[in-house]
Engineer: 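Take a look at the following structure, please.
Order of appearance sets the numbers: ligands from 1, and atoms from 1 within every ligand. Bear in mind the structure is a predicted one, so any value in this text is a computation, not a measurement.
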Amino acid sequence: MVENLKARGTGVMLPHGGLPEVLPPYLVKLISETGGPEGPIGLQFVARPTLELSQYDYKESDPLLEDFNEVSPGLVYKYRAGKDSEGHSYAGRALFTITRNCAAYCRYCTRGREVGIPANQQGELSGTLSHTPHLSKEQIDQSLEFIRNEYGLNEVILSGGDPLTVRPEVLSYVTEKLGEMQREGKLSIVRIGTRVPIHNPLLIKEAHFEALKKLRNPRFMIHANHILELTPEALSVLQRLRKDCNGVVMSQTVLLKGVNDNVEVLYNLFTKWAEEGFIPYYVFQNDAVSWAKHFTVPIQDAISLWQKMRPRLSGVAATARFVIDVESGYGKVAVPEAGAWNIIFSDGFRDFKGTRFDLGVAE
Ligand code: SF4
């Protein structure tokens, strides 16, 4: 055990009041057993205040333009329903954050501008609509009403702050209403993005499973970055989400320097996911939030790492795609895999629509 590993709470927050250091006892133990603050788990959660502050620039803190697309309290509707150039319709999907709290705070969090800010520190810097740690019942109802009435919106992603940190009765209220909309044919898919099974699986009680059972075929998007996070306690929660809640458990991983920028680590992680019956889904290049620049793996290295790892994986573990969430709210662009294309970095790359993105890299 690492001696004296204690969360410093709000003492190490960023200047806008976000990302306190919170470490549940479960996580303290895991960090202690896996190399301490400099180990692959510790690096993700133990603040490095001097380094973070030296890189801090608030102007860059909403790279995906989520605040700009907030249509109702906590509801970001960026990927809207529409028609393509041939007149074929496609559905829209919205992100619904009912809380800004998480069970622990990842130092590289793309929503670090708004998560973990105590109620008494909400201010102008917190976005276009005032952000509260938890939405009130009226605000939840307002957003549920928007979902119900918005033509073409048929998928909702409940995500971070972490929806499994709210009181189970609040979660149950939301899942009940979303489940109702699924049964009525208004909503097709509900995803739950959570890191609680990794941060603190002991927090998840029967009441949470009961609440989640109200959804039809929920997709659980589990953010995990290292095989050491998949402890027996975490795996037991994930198995119950799969079996008791009839859920599909899928993984999301952020590529982080010093944590998992290594072929062996990623190979072991995806192989474990597949072995446990879960689906590796996304690996993200980390978003450009200023205070977390030290976690960024240069894009050439990231692509080369992905190309080395991809051919080693079994097909059922290779369902993960390496994507970049392009700035300015455009969306995710998948990186070609396994050297199938000859990448000319100075020419950027194109997504499935043929749109070209400059990676800002000279050959
Ligand atoms: S759990 Fe998600 S929303 Fe919460 S701090 Fe980590 S990355 Fe951010």
Engineer: Could you walk me through whether Phe220 and Leu238 pass side chain to side chain contact (heavy atoms under 4.5 Å, CB included), step by step?
Structural biologist: CA-CA 9 Å; Phe220 295 103; Leu238 299 180; over 6 Å; no
Engineer: Got a second to check how far Ile98's CD1 is from Thr165's OG1, nearest 0.5 Å?
Structural biologist: 8.0 Å
Engineer: Looking only at non-hydrogen atoms, which of Arg100, His223, Glu114, His199 approaches atom 1 (S) of ligand 1 most closely?
Structural biologist: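 Heavy atom nearest to atom 1 (S) of ligand 1 belongs to His199.
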Engineer: Would Cys102 count as a contact for atom 4 (Fe) of ligand 1, in the sense that one of its N, O or S atoms lies under 2.8 Å from it?
Structural biologist: yes
Engineer: Measure the acute angle between the ring planes of Tyr56 and His16, then classify it against the limits of 30° and 60° as parallel, tilted or perpendicular.
Structural biologist: parallel
Engineer: Which residue and non-hydrogen atom of the protein lie closest to atom 8 (Fe) of ligand 1, and at what distance in Å?
Structural biologist: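 That would be Cys109 SG, 2.3 Å.
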Engineer: Quick one: look at Arg195 and ligand 1, take heavy-atom pairs under 4.0 Å, and tell me if it's side chain, backbone, both or neither.
Structural biologist: side chain
Engineer: For the residue pair Tyr173 and Asp141, confirm or rule out a side-chain donor-acceptor distance under 3.5 Å.
Structural biologist: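 There is such a pair between these side chains.
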Engineer: Which residue holds the protein heavy atom closest to atom 5 (S) of ligand 1, what is that atom called, and what is the gap in Å?
Structural biologist: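 Among all protein heavy atoms, the one nearest atom 5 (S) of ligand 1 is Cys106 N, 3.3 Å.
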Engineer: With rounding to the nearest 0.5 angstrom, report the NE2 to CZ distance, His294 to Arg107.
Structural biologist: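 Going from NE2 on His294 over to CZ on Arg107, the span is 8.5 Å.
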